[in-house]
Amino acid sequence: MGPQAATRGCITLPMRDELSRTDPEIASLLQLEQERQRSKIRLIPSENYVSAAVLAASGSILTNKYSEGYPGRRYYEGQQYIDAIEQLCIDRAKALFGVEHANVQPYSGSPANLAVYLAFCQPGDTILGLGLPHGGHLTHGWNVSISGKYFRSVAYGVRRDTGRIDMDQVADLARAHRPKLIWCGGTAVPRIIDFAAFADIARSVGALLVADIAHIAGLVAGGAHPSPVGYAPVITTTTHKTLRGPRGGMILCTAEHAQAIDRAVFPGLQGGPHNHNIAGLAVALREAAGESFRQYAHQVVRNARALAEALLARGYDLVSGGTDNHLILIDLTRKGVTGKRAARALDRAGLETNYNTVPFDPRKPFDPSGLRIGTPAVTSRGMLEPEMELIAGWIDRALEAERRGDEQALDRIGAEVREMTVRFPAPGL
Ligand code: DSN
């Protein structure tokens, strides 16, 4: 198949035809999912659209190869090209983020975080992280996760009055518990993370500061969020959120920690790296180094601000009062609809979101009071501030329709959404 092979949809035509012949059920479901991604306004802040180039590298013959080890030090033969691909990926990650070392093998964010524990902690050690209900991540010590079971986990939170991380509490807990490791970063943090303040606290108690920038990696790369480099000696991230790469994880660190991190990822935790995803990541990192990605990252933030302002103007309560990044957390308590009901109604109206706890939520995580939305995917489609105003209007109308039980109104909004999405082709589809 030559480079000019006709493309339609997310895979080249010959590949699509082959899939249809071999497995029509999967081919048809894949086609439906593609249509869903095309026709919906996707507002889940941890999702995005990767480019056709990233898709091509990730869905490639590199899945056929085993390569346990690292470039130049493998346990399998035949690494002539795999080594070159992984080394390019490492070099691009180092250059993009300005770090001394990068490990690009973690299968995703949770394994990356587990590798950090394996490198630096012993079971029973004390760790300090943002509590899950306040916007943290399961792997930062939450009790149902291995990180909360194997370690003595202490959680900090946000202030009730501001909805922002309570740095006084972080300092107090660090002094009281002397953690081995402190996490900063999370999954529902709409504000800039003060890496310098975390670094001061970690230094004062001799803890290792680890920044989990999974949500904001693309913003950091594009200069739309301050970088943790120079403050956190170890940084973990997923590769598929704002960074717009394939599913995967990555650990960035100072030279001092390189060996511990590499040993923890392999052979400590994982076997063979997923070479196809590493190639996709290499492509994404090249894209992220360009000027258009820089503009993209800044537009993600401008769009989120515009969306937040349009929601505030319609009387919505936003955790922390707004956003500095790609993410908005709506507290629906005063709107008389739960997060789950809201997310379901919005999905019917063509707007894909996810329900989420809000800090101090009296409701349970399976049907919490909040809705988490974000702008990475819509910005990848080229939507700008005027479209954010439209989206806020649709969210408001849909929730109003849900309160009255008016399903036809939700379907009418869905039709308007579909009409608008046609004007904004999604990358890779
Ligand atoms: N699933 C990720 C998110 O949606 O933020 C966190 O792991």
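Values in this document were obtained by computation on a predicted structure and should not be read as measured data. Computed from heavy atoms alone, side chains included, the values below leave out hydrogens, waters and symmetry copies. Remember, it's 1-based here, ligands and their atoms both numbered in the order they're listed.
Shown here is Q259, whose CD atom has no more than 12 heavy atoms of other residues, nucleotides or ligands within 6.0 Å.
Looking at atom 2 (C) of ligand 1, its nearest protein heavy atom turns out to be K241 CE, 3.9 Å. In this structure, the protein non-hydrogen atom closest to atom 7 (O) of ligand 1 is H137 NE2, 2.8 Å.
Within 4.0 Å of atom 5 (O) of ligand 1, at least one protein heavy atom is present.
Near R372, the atoms of ligand 1 lying under 4.0 angstrom from a non-hydrogen atom of the residue are 3 (C), 4 (O), 5 (O). Below 4.0 Å from some heavy atom of T187 lie the following atoms of ligand 1, by number and element: 5 (O), 6 (C). Below 4.0 Å from some heavy atom of H215 lie the following atoms of ligand 1, by number and element: 3 (C), 5 (O).
Under 4.0 Å is where a charged nitrogen must lie from a carboxylate oxygen, and between E400 and R397 no such pair does.
Residues satisfying the salt bridge (Lys or Arg N to Asp or Glu O under 4.0 Å) criterion with R203, sequence neighbours excluded, are D200. For Y70, the ring pair (Phe, Tyr, Trp, His ring centres under 6.0 Å) criterion is met by no residue, not counting sequence neighbours.
E47 does not count as a contact of ligand 1, since none of its heavy atoms falls under 4.0 Å from the ligand.
Between F266 and P273 there is no side-chain heavy-atom pair separated by less than 4.5 Å.
On a distance-only criterion, S46 and ligand 1 share at least one N/O pair closer than 3.5 Å.
Considering every non-hydrogen atom in both S369 and R363, the closest pair reads OG-CD, 3.2 Å.
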